[in-house]
Amino acid sequence: MGRISKGIFYFAIVPLVWGFCGWQGWSWWSWASSPPIDGDAIGENAAAETAIQISIPPGTSSQQIGLDLESAGLIRSSTAWRLWSRWLVFRDPDGEFKAGNYQLSPTESLGDIADRIWTGEVMQTSFTIPEGWSIREMAEYFQAQGFFSAEEFIAQAQQIPLDQYPWLPQGLPLLEGYLYPDTYVVASDLITPKTVINQMLTQFERVALPIYQQSRDRHNLDLNEWVALASIVEKEAVVADERDLISGVFHNRLRMGMPLAADPTVEYGLGIRQTVDQPLTFRQVETPGPYNTYLNVGLPPTAIASPGVASLKATLNPAETDYLYFMARYDGTHIFSRTGEEHQAAIAEVERQLANQ
């Protein structure tokens, strides 16, 4: 009888106990690893509003990360976090949780949050630099975005990193023209003037530099001349169809030793911007300076803005034309002329149009 009772205990009662404990453990794990807030219950918009920013300093232990997440209400249990951390280490012995700033939501499971921190899916910020912006305009934009001060960016743009980018021309006073206009994504905790500038220089190296190198046998412009002329084309060409023609006019004038007479260079040199109501005055155009292409023959010492790929290509492939002048209509288009007399007539026509508005 005793043997039968003992057998019943081992073969019936013990499995029930183990089954009960397993069920309890699984129930606890299901609760502990599930999101503290049910995203489906509160809706997509409300779920997005629950996001919490958390910073993990370098050297923070996995146990401390779990405590911080639990305290912030992002996970239910730091004990469950510790168990999951051990599983991650077993699965990837060379991996680790990455320091940085994260935007996490209590509608995410413990496993999802752990994977994001393990892989370093830190908060990211995007910024967009339009074609034709100068360093000063970029600086004001970054300051308005709260990234850093305009002065910090301008100061960094005057540091020429020839060690990292040896293709940059020697003797550049600043990186005007080489900060490629594009949309960029950067980790939020890595936004500094230096990292932003390096991103833009790297993009110039990747996108723009090959265009120049592949066309080297078809032009006689050095790199700085190319970027400087392309920046002027960028500022003058509002209508895409006129870009090659405007480039052709400038190439003609350079070849003939005529001043480029480009308003944007004067504006850049004086730090102003003309409008329909306040065009450049004769006094401004006659003000001496290295960027005054009315008084100086040839190109200015640096670019005046960051040209886009279309202007960079147009500068290397100008239209074949006998035009030497163009006059802006202030609607983005231009009147092109071959002689000074035709150009004066075009100026008079635009002035009449403005007077009749």
Side-chain angles (χ1 to χ4, degrees), residues 18-130 141-148 182-193 195-196 198-200 202-203:
W18 278 106
F20 176 77
C21 291
W23 175 76
Q24 286 287 87
W26 177 251
S27 296
W28 174 83
W29 176 256
S30 297
W31 169 84
S33 62
S34 65
I37 297 176
D38 185 351
D40 293 334
I42 65 175
E44 185 176 345
N45 292 336
E49 294 174 358
T50 64
I52 297 172
Q53 292 184 17
I54 187 167
S55 179
I56 299 176
T60 304
S61 67
S62 61
Q63 182 177 356
Q64 185 60 53
I65 293 173
L67 292 171
D68 292 342
L69 292 173
E70 184 180 36
S71 177
L74 289 164
I75 61 173
R76 294 180 185 272
S77 168
S78 57
T79 301
W81 174 268
R82 189 162 57 251
L83 293 172
W84 191 256
S85 300
R86 290 174 181 172
W87 161 247
L88 288 175
V89 172
F90 173 78
R91 190 179 65 180
D92 182 12
D94 296 327
E96 63 179 353
F97 290 115
K98 309 297 191 300
N101 296 321
Y102 294 85
Q103 184 162 307
L104 307 170
S105 171
T107 60
E108 298 176 89
S109 69
L110 180 147
D112 288 340
I113 289 176
D115 286 345
R116 289 180 61 187
I117 301 176
W118 189 263
T119 57
E121 191 180 317
V122 296
M123 289 175 57
Q124 293 184 320
T125 299
S126 65
F127 63 90
T128 299
I129 302 300
Y141 165 77
F142 287 129
Q143 179 168 290
Q145 294 294 310
F147 290 176
F148 35 72
D182 209 337
T183 295
Y184 297 89
V185 177
V186 61
S188 298
D189 52 350
L190 295 180
I191 295 180
T192 66
T195 57
V196 165
N198 284 351
Q199 269 196 303
M200 290 191 278
T202 298
Q203 188 71 342

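All values derive from a computational prediction rather than experimental measurement. We're numbering straight along the sequence, starting at 1.
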- Query: Under the salt bridge (Lys or Arg N to Asp or Glu O under 4.0 Å) criterion, do D115 and R91 qualify, and how do the steps go?
  - Reply: CA-CA 12 Å; D115 286 345; R91 190 179 65 180; 3.8 Å; yes

- Query: Should S30 and S27 be marked as a side-chain hydrogen bond (donor to acceptor under 3.5 Å, both in side chains) after you check the CA-CA gap, both sets of side-chain angles, and the distance that decides it?
  - Reply: CA-CA 5 Å; S30 297; S27 296; over 6 Å; no

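- At a threshold of 4.5 Å between non-hydrogen side-chain atoms, the residues Y102 and I56 count as touching.
- When all heavy atoms of W118 and G95 are compared, the pair lying nearest together is CZ2-C, 3.3 Å.
- Of the inter-residue distances, the one linking L104 atom CG with M123 atom CE reads 9.5 Å to the nearest 0.5 angstrom.
- Shown here are the ring pair (Phe, Tyr, Trp, His ring centres under 6.0 Å) partners of Y184, two or more places apart in sequence or in another chain: F127.
- A donor-acceptor contact shorter than 3.5 Å is absent between the side chain of T128 and the backbone of T183.
- At least one side-chain heavy atom of I129 sits under 4.5 Å from a side-chain heavy atom of M200.
- In this structure Y141 satisfies the ring pair (Phe, Tyr, Trp, His ring centres under 6.0 Å) test together with W133, sequence neighbours excluded.
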- Apply side chain to side chain contact (heavy atoms under 4.5 Å, CB included) to I54 and L69, showing your working. CA-CA 8 Å; I54 187 167; L69 292 173; 3.8 Å; yes

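- Contact annotation: the side chain of V196 approaches that of F148 to within less than 4.5 Å [non-hydrogen atoms, C-beta and beyond].
- Using a 4.5 Å cut-off on side-chain heavy atoms (C-beta onward), W84 and W29 make contact.
- Pairing each heavy atom of P36 with each of P106, the nearest pair is CD-O, 2.9 Å.
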- Check against side chain to side chain contact (heavy atoms under 4.5 Å, CB included), L74 and D68: CA-CA 9 Å; L74 289 164; D68 292 342; over 6 Å; no

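- In terms of modelled atom types and a separation under 3.5 Å, the side chain of S78 and the main chain of W81 share no donor-acceptor contact.
- In plain terms, the two heavy atoms of S126 and F147 that are nearest each other are O-CZ, 4.4 Å.
- Taking CG of L190 as the start and CG of N198 as the end, the distance is 12.0 Å to the nearest 0.5 Å.
- Summarising the geometry, atom OG1 belonging to T119 is positioned 7.0 Å from atom NZ belonging to K98; distances are rounded to the nearest 0.5 Å.
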- Query: After noting the C-alpha distance and the side-chain angles of S109 and D112, does the key distance pass the side-chain hydrogen bond (donor to acceptor under 3.5 Å, both in side chains) rule?
  - Reply: CA-CA 5 Å; S109 69; D112 288 340; 3.2 Å; yes

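- Closest non-hydrogen pair, Q103 versus R116, comes out as O-NH2, 2.9 Å.
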- Message: Between T60 and F97, is the side chain to side chain contact (heavy atoms under 4.5 Å, CB included) condition met? List the steps.
- Response: CA-CA 9 Å; T60 304; F97 290 115; over 6 Å; no

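- Minimum interatomic distance between V122 and G100 (heavy atoms only, all atoms of both residues): CG1-CA, 4.1 Å.
- Closest approach of S105 to T50, counting heavy atoms only: OG-OG1, 2.9 Å.
- A heavy-atom distance below 4.5 Å is found between the side chains of I191 and V186.
- Looking only at distances, no side-chain donor or acceptor of S77 sits under 3.5 Å from a matching main-chain atom of A32.
- Looking only at atom types and distance, the side chain of N101 has no donor-acceptor partner in the side chain of S188 under 3.5 Å away.
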- Task: Determine, step by step, whether R82 and R86 satisfy the side chain to side chain contact (heavy atoms under 4.5 Å, CB included) criterion, reporting the C-alpha distance in whole Å, the side-chain angles of both residues, the deciding distance to 0.1 Å, and the verdict.
- Result: CA-CA 6 Å; R82 189 162 57 251; R86 290 174 181 172; 4.1 Å; yes

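- Panel note: side chain R76, backbone E70; no donor-acceptor pair is recorded below 3.5 Å.
- Contact annotation: the side chain of I75 approaches that of I113 to within less than 4.5 Å [non-hydrogen atoms, C-beta and beyond].
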